[in-house]
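Below, read A as the first sequence line, B as the second, and so on, with proteins coming before strands; counting in each chain starts at 1. Note that the structure is a prediction, hence the values are computed from the model and not measured.
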There are 2 protein chains.
Amino acid sequence: MMNTDYSRANLAEVLRGHGITPTHQRIEIAHALFSKMAHLSADQVLAIVNERHAETSKATVYNTLKLFVESGLVREVIVDPSKVFFDPNTDPHHHFYDIETGEITDIDAAKVSIAGLPDLPAGKVAAGMDVIIRVKRATA
Amino acid sequence: MMNTDYSRANLAEVLRGHGITPTHQRIEIAHALFSKMAHLSADQVLAIVNERHAETSKATVYNTLKLFVESGLVREVIVDPSKVFFDPNTDPHHHFYDIETGEITDIDAAKVSIAGLPDLPAGKVAAGMDVIIRVKRATA
DNA sequence: GATAAGAATTGGACTCTGTCTAACTCCGGC
DNA sequence: GCCGGAGTTAGACAGAGTCCAATTCTTATC
């Protein structure tokens, strides 16, 4: 788990630690994701980053989010057709998605298991697997 | 589970049984889904239905798939950003989705369980919940 | 601190999935 | 067979995401 220092200077170090050149835009995007600690869509990230002055383009937000996903800094959560969310929490966990309200709730990874996965200890869902449970009512 | 007679005449009866007026287009769409018994996207359904002569519009395919989902004839499977798949198998089950190959594999519903769902017998995932497990390698 | 070369960013056009609409056609009860 | 409502249609539209060539920034090296 990441520490909780979300200063620009610290975020720059975090990016360097993941082999990412810390540009202004990338730092702002990282700041948006980590300081909110919420599941954000690319659109929401774009809006937050440009709240005061428009300074980051759509292309950069998409490029950067893709880069962050590839380097394991955030996770992609695909719950909705036509909208991907980005989750700054990379601890092993899964997601409930309420179809009706659009709400996303975390589930402890240890609580989800699948029988018949002989190569996994106790049938637990392996790290790297992304379990998304779509429900019709809030179940959290 | 549905029977395996995929003749137009029988599909018309199946549609009527679900309260759906069996038009030519709807029968063709049902035929595409059930005779292949595969997870198809709206685009694929459109292509299959119009293989010989263009006779069904995009709007009708979308309308019909939505109608089929609402009446429980097929299920929506949301595994990929920007593409929804439709599954003619409505038996309770869940899905593995291989991010790299795009392959979708079924999992027996009984094999997936979540701890900490007190209102559900034995922590089993409830009917109506749609569990999608996104993996990086084929795990089936 | 200046320089240079590659990396990052940009805006805008573009693609793709899916929606909407208003006119037209078909289905089924009478 | 007629009629009214249900179903279908083409094409315009919307929103998320991609692409590209031109520009700007970062950083290693001096």
Could I get the full list of ring pair (Phe, Tyr, Trp, His ring centres under 6.0 Å) partners for B:His95, not counting sequence neighbours?
B:His39, B:His93
Tell me which nucleotide among C:dT9, C:dG12, D:dT8 gets nearest to the side chain of A:Ala59.
C:dG12
Which atoms of nucleotides 23-30 of chain D (N or O only) lie under 3.5 Å from a protein N or O atom, and what are those distances?
from	atom 1	to	atom 2	distance (Å)
D:dT26	OP1	A:His24	ND1	3.3

Check whether the side chains of A:Asp5 and A:Ser7 place a donor and an acceptor atom closer than 3.5 Å, and report yes or no.
yes
Between B:Leu46 (CG) and D:dG11 (P), how many Å, whole number?
14 Å
Please answer whether the main-chain N or O of A:Val79 pairs with a side-chain N or O of A:Arg134 as donor and acceptor at a distance below 3.5 Å.
yes
Could you check how far CG of A:Asp80 sits from P of D:dG15, rounded to whole Å?
15 Å
Given C:dT10, C:dA8, D:dT9, identify the nucleotide with an atom nearest to the side chain of B:Thr56.
D:dT9
May I have the distance from B:Ile20 (atom CD1) to C:dG28 (atom C1'), rounded to whole angstrom?
17 Å
Non-hydrogen atoms of B:Pro88 and B:Ala38 that approach each other most closely:
CD-O, 3.2 Å
A:Asn50 side chain to A:Thr56 backbone, donor-acceptor under 3.5 Å:
yes
Send over the distance from A:Lys66 NZ to C:dT9 C1', rounded to a whole Å.
16 Å
Contacts of A:Lys58 meeting side chain to side chain contact (heavy atoms under 4.5 Å, CB included) (sequence neighbours excluded), chain-then-number -> A:Leu46, A:Tyr62
Do A:Arg26 side-chain atoms and A:Thr21 backbone N/O form a donor-acceptor pair below 3.5 Å?
yes
Gap between atoms CG and P, on B:Asn50 and D:dT9 respectively (whole Å)
8 Å
Select one nucleotide: of C:dT9, D:dT8, C:dT17, the one nearest the side-chain heavy atoms of B:Lys83.
C:dT17
Is A:Tyr62 near enough to D:dG17 that one of its side-chain N or O atoms lies under 4.0 angstrom from OP1 or OP2?
yes
Have a look at B:Ser41 and say if it touches a base, only the backbone sugar-phosphate, or nothing, with a 4.0 Å heavy-atom cut-off.
nothing
What is the distance, to the nearest angstrom, from the CG atom on B:Leu15 to the P atom on C:dC27?
13 Å
Winner on side-chain proximity to A:Ala42, out of D:dT9, C:dT9, D:dG17, is D:dG17
Does any N or O donor sit under 3.5 Å from an N or O acceptor when you compare the side chain of B:Lys58 with the base of C:dG18?
yes
Spacing of B:Ile27 atom CD1 relative to C:dC26 atom P, expressed in whole Å
15 Å
Please give, in whole Å, the distance from D:dG11 P to B:Asn63 CG?
17 Å
